[in-house]
Each structure stands twice: as structure tokens, then as C-alpha cells.
Amino acid sequence: ETGVTQTPRHLVMGMTNKKSLKCEQHLGHNAMYWYKQSAKKPLELMFVYSLEERVENNSVPSRFSPECPNSSHLFLHLHTLQPEDSALYLCASSQVIGRGGSGNTGELFFGEGSRLTVL
Amino acid sequence: AQKVTQAQTEISVVEKEDVTLDCVYETRDTTYYLFWYKQPPSGELVFLIRRNSFDEQNEISGRYSWNFQKSTSSFNFTITASQVVDSAVYFCALSRSGATNKLIFGTGTLLAVQP
């Protein structure tokens, strides 16, 4: 098993569809993240979960809804998306030492991403 | 505000050439961390290095070397004798001390190494 696994790798959806992205980490980490990677833009941190509690939401529209049922799994539920939401969505995990989701970590381990296209 | 600028959008070199990827950062913090990540075509970002702001010593790891200069707010990355397998997008990132899990990324530099 690779460290961080994301499914599906590719997803095409219409603006009225509801779909979910899944992330699973096998590294025993206590924090998980969703990043959005759009063309020509820096990676944007969307959500941070620490010990299964959402500790950061960087002004992400409500059409993106994260869920972290346990420390190994992270979901991103998608509904009524817009074409500009088409991007590569990257999941990451790390071991954080600190409170409230902010802390020092050796490195972030990323998955291979889910390429989302919204028609 | 914190910001990372990677002015080089794309670089193309021929195998065995040396190449330097530039990274300039902005921060008002006195303590901070700088990172480089590699993103091969498969998509996942692979960690390469982390440096804290108090350690300006240059680092070498095999064919990779990093030049950190606080005076110019730069953290440049050099690949010596480039290989085709080095072809990827390279990201420079910045974080605050105490929150090194929250990275602020640059826009990345696409490096193409031709055989």
C-alpha cells in the first residue's frame, strides 16, 4: 500500500451531480488536508483536519463539504459544482505536534490527486 | 502577508546540463520554514527539503543543492547533471514557525529534461 491513496483518480461530473472524493492514509498520521491545484495558480489549502476535527476552512464555498470519520480517512463531498472548480484535488497527511491543528511536522505526504472536471 | 514567487514558469534543458530553479519569498516573520517539493507526472508531491530561517548553510544531497540567502529572500534549487527522470513540476513553499503543516506554495516551475 502506498502512503496516501486517493480515489477516484479522474472524475467528470455535471454541475447538478453529487459525488465524493476519497483519501486514505496508511502512515498513522494525525492530520489530513485537502489542497486544490488549479492551472497557473499556487496550491491552495482548503481544509485541515487534526485528530478528526476540522480545524481550518480557508473560505471554501459550501458546495465543498469535507468529512473525516477517522484519522485514516478523509472525504470531500461535492455538489452543484461550477466549471471553475475543475482542478486537481490533492490529499495530504502528516504527523503534527501541536494544538489546534497548527504545529510542526516533518513533511506532508501527498496522494496522487483526483483530477476533477466539471462540465 | 506571506507569498512565494517562482518566476520561471517552464524550463527546458538537455540531459547532463545543470539547472537552477529560483524561489523568492516574502514574510514578516523572523522565524519561518522553506520547502521544496517535486511533482512528477503521476501527480503526488514528493518532499525534497525543509530549511528553517536560522540555518543559512547551503545543503547538498547528491545531484541536488539548495542555496538559501536571507539577504535576498531567496531559496534556489540547483540540479547538477540533470536527468530525464528529473522532469517534473517543482514547488517552493513557505510556512510559519509553529505551523509547518500549513504550506504556502509558489506556482511551480515545470522542468523538462530532454534526452
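Below, chains carry the letters A, B, ... as their sequence lines are ordered, and counting in each starts from 1.
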Open item on the list: Run Tyr37(B) and Leu108(A) through side chain to side chain contact (heavy atoms under 4.5 Å, CB included) and show every step you take.
Closed with: CA-CA 10 Å; Tyr37(B) 276 82; Leu108(A) 266 65; 3.5 Å; yes
Common cluster, [X]/[Y], ILVMFWY with side-chain heavy-atom separation under 4.5 Å:
| X | Y | value |
| --- | --- | --- |
| Phe105(B) | Val4(B) | no |
| Phe75(A) | Tyr33(A) | no |
| Trp36(B) | Leu90(A) | no |
| Val89(B) | Leu21(B) | no |
| Val46(B) | Phe109(A) | no |

Quick check: closest heavy atoms across [X] and [Y], and the distance to 0.1 Å?
| X | Y | result |
| --- | --- | --- |
| Thr107(B) | Lys41(A) | CG2-C, 4.0 Å |
| Lys102(B) | Val48(A) | CE-CG2, 4.4 Å |
| Phe47(B) | Glu107(A) | CB-OE1, 3.3 Å |
| Phe91(B) | Leu43(A) | CE2-CD1, 3.4 Å |

Open item on the list: So for Arg9(A), is it side chain, backbone, both, or neither that comes closer than 4.5 Å to the heavy atoms of chain B?
Closed with: side chain
Task: chain B contact via Gln37(A) - side chain, backbone, both or neither, heavy atoms under 4.5 Å - done: side chain
- [ ] Please look at Gln6(B) and chain A and tell me whether the side chain, the backbone, both or neither of the residue comes under 4.5 angstrom of a heavy atom of that chain.
- [x] neither
- [ ] Could you check if a side-chain atom of Tyr35(A) sits within less than 4.5 angstrom of a side-chain atom of Leu45(B), using non-hydrogen atoms only?
- [x] no
Task: Residue Lys38(B) excluded, over 12 heavy atoms near NZ under 6.0 Å - done: yes
Open item on the list: So for atom CG, which belongs to Leu119(A), do other residues, nucleotides or ligands contribute more than 12 heavy atoms lying within a distance under 6.0 Å?
Closed with: yes
